[in-house]
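The structure appears below as C-alpha cells.
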Amino acid sequence: LMDWDNKKVLAKGIVERVTIGNSFIKHEATGKEEITINHDCPHHTDAIQLILNTLTDPKIGVIKDMSSIKAVGHRTVHAGEKFAQSVLIDEKVIKALEECSHLAPLHNPPNLAGIKAAMAALPGIPNVAVFDTAFHQTMPKHAYIYPIPYEYYEEMAMRRYGFHGTSHLYVSKRAAIMLGKKPNEVNVITLHIGNGVSHCAVQKGISVDTSMGLTPLEGAVMGTRCGDIDPYIPIFLMKNKNLTADQVDTILNKKSGVLGITKKFTDRRDIQKAAESGDELCKLAEDIEAYRIKKYIGAYAAAMGGVDAVVFTAGVGENSSRIREKALEGLEFLGIKLDKEANKIRGKENEITTKDSRVKVFVIPTNEELVIIEDTVAILEGKYKKHTEYLYSFQK
Ligand code: AMP
C-alpha cells in the first residue's frame, strides 16, 4: 500500500497458501516489525478481505478505513498478444484474461479471482492490470516465432511471450540511471534469478529478447523448472518411461531445475552450504546454473551488438555473490571486470565491477510493486502512454 502523494510505502505484505489450507498473512507496516497472522483463506476473496482488514485494523493497520484506497493494481501474468501495455480493467479485459487462461493455467485463474474479489470488496474503485508479458511485446518477430509449423502461431498464438516483464523493466531503467544515461541510450542485459529465472536483452529501453517462452518453463535453469532442454526429452520420457503428458509436465515444472540435479534442494542457500561441504551434486547444480547464465549473457550481448550493463536481480541475483562470480568468470573479453569486494553486497543496489570495467555490472533489488503502482496512477491520471515511456520515479 503506497501513499502516492507523499511517495511513501505504508505497508507491505503477502497472503500465502490461499485455497490450500493453513493460510496466513505477513504484514509489515513501514518502520515496524513484520507480523504473521494465521487466517483461513479458502478463496481468493477471503485473502483480499484479510488484506483489507489488516490494513484498516485499529492496532496494526496503517489507514483508518477503506475510503482512502483509490485504486488497486494487479500483477497479471498472461495477456497473449491482446495487451502490450497496462490497462484499466473492464469486462473486456476480464474476458481477454479468461481467453488466455490456457496459456497460463497456473496464473490467470487466480489473477481473475483476485481481480473479482477486489472489485467486490471495493465497489467503484478502479482496478488496473499490469501484465507480466507486456514489456516483451516489443520483441521482433524473429525473436518470438518458434521454428515449428507457422500455423500453430496463426491458430493458437503459440510464440515466445516472456515473463517477469515488470521486473526487467524496472531494473533496466534503474541501470540506465546508474549509468547516468537515458534508457534509450544503453543496452542492458537483465538477469532475474529467483525461484523462477528469466533473462532479458533490453536494447535502448525496450525488450528485444527474453529467455522464457510460450510458458515460464523455457530458458534458464530454475528452482524446480528445467529451462532449455532438448525438446525431444518429453517425448523420450513418455515413450521410454510410459509417462503421461501430465506426469511429464510435473517432472519438468516441479521436479527439475536445481531440485532435479541436487535431488533435494531448491533454495540456493542450502545448495551453496552443501557444495561448500563437498556435495558433488550441489556443486554441479551451481556450475550448471552459472554456466547457463554466462551463455545467455554472451548470446544477448551478440543479439544487441554490444552491452553497456548487466544487472542481477531477484532472490538469487540480489543475494548470491557466489552465483554472480561464477556466472561472470571469464567474461573479461566482453569488457566485464568483477570487483570481488564490491560483489560481497547483498540485497542492495551496488555496482560490482571495477572502475575501469568497460561493461558495468549492477546488483539492483527489483521493485515490481512500484511499477504496478506507477502504471496504475499514470492510467488514472490519464498520463499513461506506454510504461516504457512514462514512469514517475525513473525520471529522476
Ligand atoms: P525469489 O523467487 O526472487 O523470491 O527468490 C527465491 C530464491 O532466492 C530462493 O531459491 C532462495 O534460496 C534465493 N535466495 C535468497 N537469499 C539468498 C542468499 N543469501 N543466497 C543465495 N540464494 C538466496
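Sequential numbering from 1 along the given sequence is applied to the chain's residues. As the structure is a prediction and not an experimental result, all values here were calculated from the model. Order of appearance sets the numbers: ligands from 1, and atoms from 1 within every ligand.
Classification of the His164-His192 ring pair by plane angle, with boundaries at 30° and 60°, yields parallel.
Protein residues having a heavy atom under 4.0 Å from any atom of ligand 1 are Gly194, Asn195, Thr266, Asp267, Arg268, Arg269, Ala314, Gly315, Val316, Asn319, Ser320, Arg346, listed by chain and number.
Just one residue in the list Asn343, Thr354, Val361 forms a side-chain contact (heavy atoms from CB on, under 4.5 Å) with Leu338, and that residue is Asn343. Test Leu380, Ile373, Asp375 against Val377 for side-chain contact (heavy atoms from CB on, under 4.5 Å) and you get one pass: Ile373.
Side-chain contact of Ser207 with His136: a donor-acceptor pair under 3.5 Å is present, judged by distance alone.
Among pairs with a residue in residues 296-315, those fulfilling side-chain hydrogen bond (donor to acceptor under 3.5 Å, both in side chains) read Asp228-Tyr296, Thr313-Glu318, at least two apart in sequence or across chains.
More than 12 heavy atoms of other residues, nucleotides or ligands sit less than 6.0 Å from atom CD of Glu154.
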